[in-house]
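Here is the structure we will look at.
Just so you know, these numbers come straight off a predicted model, no measurement behind them. All values below were derived from every heavy atom in this structure, side-chain atoms included, with hydrogens, water molecules and symmetry-related copies excluded. In what follows, chains are A, B, ... by sequence order, proteins preceding strands, each numbered from 1.
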Amino acid sequence: MFEFRVIAQCPVTGARAGEFVTPHGVIRTPVFMPVGTLATVKAMSPRELEEINAQIILGNTYHLYLRPGPEILTKAGGLHSFMKWDKPILTDSGGFQVFSLARLQKITDENVLCRSHIDGSLLTMSPEWSMNMQGILGSDIAMCFDQCCEFPASHDKAEEAVKRTTLWAERSRKYFDSHNDSQRQALFGIVQGSTYDDLRRRSAEEICGLDFPGYAVGGLSVGESHSAMYHALDILNDIMPKNKPRYLMGVGYPPNIVEGIARGIDMFDCVMPTRNGRNATVFTSSGRLNMRGKIHADDFSPLDPECDCYTCRNFSRSYLRHLAMCGEILGARLFTWHNLRFTIRIAEQAREAIIAGTFPEFVKNFTEMFHEDQNSNS
RNA sequence: GGCGGAAUGGCCGAGUGGUCAAUGGCAACAGACUGUAAAUCUGUCGACGGGAGUCUACCAUGGUUCGAACCCAUGUUCCGCCA
């Protein structure tokens, strides 16, 4: 279980195609994983997720701990059966909430004291708490409890996060080894280090030294430039073991995915396809479109003529804009549907190209086609 | 026919003598969103001008006043109640 096989590699870039074996099926990489924080990929049913070829989805420890809570999830027999999703699930540890809910908490080496964003009640998060909860959730892949730091961060702050992330990885590992079922669940380590080369190296060495079945890159896509992100990935590509899956956390902007794959990343997750979909922005092979724009009012062409999704096969931009302008639920659903399929397909196409030996051309074509937004950091 | 009430920017609706080009909300237009406190948030929203600013505006006309969306008169339209 949890064997990772690299089945093809790009001779020019760091890209590779692989297979990762989990209790709920084999994941073909590179892969994009839709985010389903609250035991639902917002606006999509499990059947629809299967239809767009989602191989694995995310759930969130913090959110599911608050609602519905560990008792109900235990009674439900875990997250898979609770939400009727029988393919792989990866659970985030709650570490990211230590970052995104920063104002509501106090962090020490021992633990994180946090106020619920729902009712303000106090809770204590720790590596042990997270491993216990992820055990209850029964995800195929559990994540270490880490500390993601904001951008920009001073070297001292970033170093503190690196130290703490290593400390917490050791504690996550220790608790996991004695409480969780390692045949049913794999624990991935997370590398931090912000945009500091020395800290990235140090964190990667420390975390990879703990010998996890997979490794994640955290602390990116938090406001740094794209070039800084790519630089960090270049450094890590040389350090992280080639024979384990590598997961770039929180990245979903299409060019970032392609560039990430080129730097040896196998797995991605991001709220961008779902959130932007609900907010009526879509990604197409030629770039990003705000579908509330008046320019689409009488455009009866599909969102993306090259896309094979339900939305693109059936509906016009004019109709979709109409749904968006009226705030109709169906609009949010159809945009989400398209964005997820579009993003998943990028990974699929990259995989095909890697196997076919044409990955560099794929990157070139994609970059030429996809119009980068002016404000997106270069 | 009589009595009472009301008319404000695309719409709804505050404002009842100077600090009003006029609060809010909606609509519209533009933008943002990267391990989800997000079906959310931000900006613009009379005209002209880069800006300082200028002009046209609160049903119409006339008046009072240094000054009127706001007070007075008349008219128009609408809404109640009574015949």
Side-chain angles (χ1 to χ4, degrees), chain A residues 32-44 56-64 66-67 90-105 114-120 130 134 139 141-149 151 165 188 190-192 216-226 229 247-257 259-260 265 267-283 288-297 321 323-336 339 343 373-377:
Chain A
F32 177 79
M33 311 182 283
V35 175
T37 303
L38 279 160
T40 167
V41 175
K42 294 185 194 297
M44 297 289 284
I56 168 173
I57 63 174
L58 263 68
N60 188 283
T61 300
Y62 166 81
H63 293 270
L64 293 168
L66 293 179
R67 291 187 303 200
L90 181 151
T91 42
D92 190 22
S93 63
F96 189 72
Q97 279 61 48
V98 174
F99 160 76
S100 66
L101 303 174
R103 273 174 300 180
L104 301 174
Q105 60 208 354
C114 175
R115 292 213 168 268
S116 156
H117 72 278
I118 297 165
D119 64 5
S130 179
Q134 292 188 75
S139 52
I141 300 171
M143 299 304 298
C144 281
F145 191 69
D146 67 326
Q147 185 182 349
C148 177
C149 73
F151 180 86
T165 293
F188 277 25
I190 303 176
V191 173
Q192 290 290 338
V217 179
L220 291 178
S221 62
V222 289
E224 80 286 0
S225 68
H226 289 171
M229 178 195 292
Y247 162 28
L248 177 54
M249 307 185 81
V251 166
Y253 180 60
N256 292 167
I257 292 178
E259 295 296 331
I265 299 297
M267 306 162 68
F268 302 84
D269 81 285
C270 193
V271 304
M272 193 175 263
T274 44
R275 180 184 289 166
N276 280 28
R278 272 175 281 125
N279 295 331
T281 294
V282 297
F283 296 98
R288 170 154 49 179
L289 291 178
N290 179 350
M291 286 308 296
R292 279 193 283 248
K294 193 186 176 87
I295 190 171
H296 305 112
R321 171 181 130 95
L323 293 180
M325 295 309 283
C326 296
E328 283 292 335
I329 286 178
L330 182 61
R333 273 173 47 65
L334 293 175
F335 290 135
T336 300
N339 278 345
T343 310
D373 307 273
Q374 293 171 341
N375 62 337
S376 70
N377 317 331

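With both pairing distances under 3.5 Å, B/A14 is matched to nothing as a Watson-Crick or G-U wobble pair. The partner of B/G4 is B/C79, by the rule that a Watson-Crick or G-U pair needs both atom distances under 3.5 Å.
Closest-nucleotide positions on RNA chain B for A/Tyr247 and A/Met325 were compared, and the one nearer the 5' end corresponds to A/Met325. Judged by closest nucleotide on RNA chain B, A/Leu220 is the one of A/Leu220 and A/Leu38 placed further toward the 5' end.
Judged as a side chain to side chain contact (heavy atoms under 4.5 Å, CB included), and not counting sequence neighbours, the contacts of A/Arg115 are A/Leu104, A/Leu122. For A/Glu259, the side-chain hydrogen bond (donor to acceptor under 3.5 Å, both in side chains) partners are A/Arg263, not counting sequence neighbours. Every residue meeting the side chain to side chain contact (heavy atoms under 4.5 Å, CB included) condition with A/Arg278, not counting sequence neighbours, appears here in chain and number order: A/Lys42, A/Thr274, A/Arg275, A/Ala332, A/Thr336. Every side-chain hydrogen bond (donor to acceptor under 3.5 Å, both in side chains) that A/Asp269 has, sequence neighbours left out, goes to A/Tyr247. Every residue two or more places apart in sequence or in another chain that forms a side-chain hydrogen bond (donor to acceptor under 3.5 Å, both in side chains) with A/Gln134 is listed here: A/Thr91, A/Ser130.
Following rounding to the nearest Å, A/Met229 (CE) and B/U34 (P) show an atom-to-atom distance of 11 Å. Atom pair A/Arg321:CZ and B/A28:C1' shows a separation of 9 Å (rounding to whole Å applied). For the pair A/Asp119 CG and B/A37 C1', the computed distance is 12 Å after rounding to whole Å. Across the protein-nucleic acid pair, A/Phe99 atom CZ and B/G35 atom P stand 9 Å apart, rounded to whole Å. Atom CG of A/Leu248 is separated from atom P of B/U34 by 14 Å (rounded to the nearest Å). The CG atom of A/Asp92 sits 14 Å away from the C1' atom of B/U34 (whole-angstrom rounding). Taking atom CZ of A/Phe145 as the reference point, atom P of B/G35 lies 17 Å away to the nearest angstrom. The distance between atom CG of A/Asn290 and atom P of B/C33, rounded to the nearest whole Å, is 11 Å.
The shortest distance between the side-chain N/O atoms of A/Asn276 and the OP1/OP2 oxygens of B/A32 is not below 4.0 Å. For A/Gln97 and B/G35, the shortest distance from a side-chain N or O to OP1 or OP2 is not below 4.0 Å.
Closest approach of A/Arg321 to A/Arg292, counting heavy atoms only: NH1-O, 2.7 Å.
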Taking N or O atoms only and anything under 3.5 Å, show me the protein contacts with nucleotides 39-43 of chain B, one pair per line.
from, atom 1, to, atom 2, distance (Å)
B/A39, OP2, A/Arg278, NH1, 2.3
B/U40, N3, A/Asn279, OD1, 3.4
B/U40, O4, A/Asn279, OD1, 3.3
B/U40, O4, A/Arg292, NH2, 3.0

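Of the P atoms belonging to B/G50 and B/G35, the separation is 42 Å, rounded to the nearest Å. Nucleotides B/A7 and B/A69 have their C1' atoms positioned 11 Å apart, rounded to a whole Å. For the P atom pair drawn from B/G25 and B/G17, the interatomic distance equals 25 Å after rounding to whole Å. Rounded to whole Å, the separation between the P atoms of B/A28 and B/C81 comes to 36 Å.
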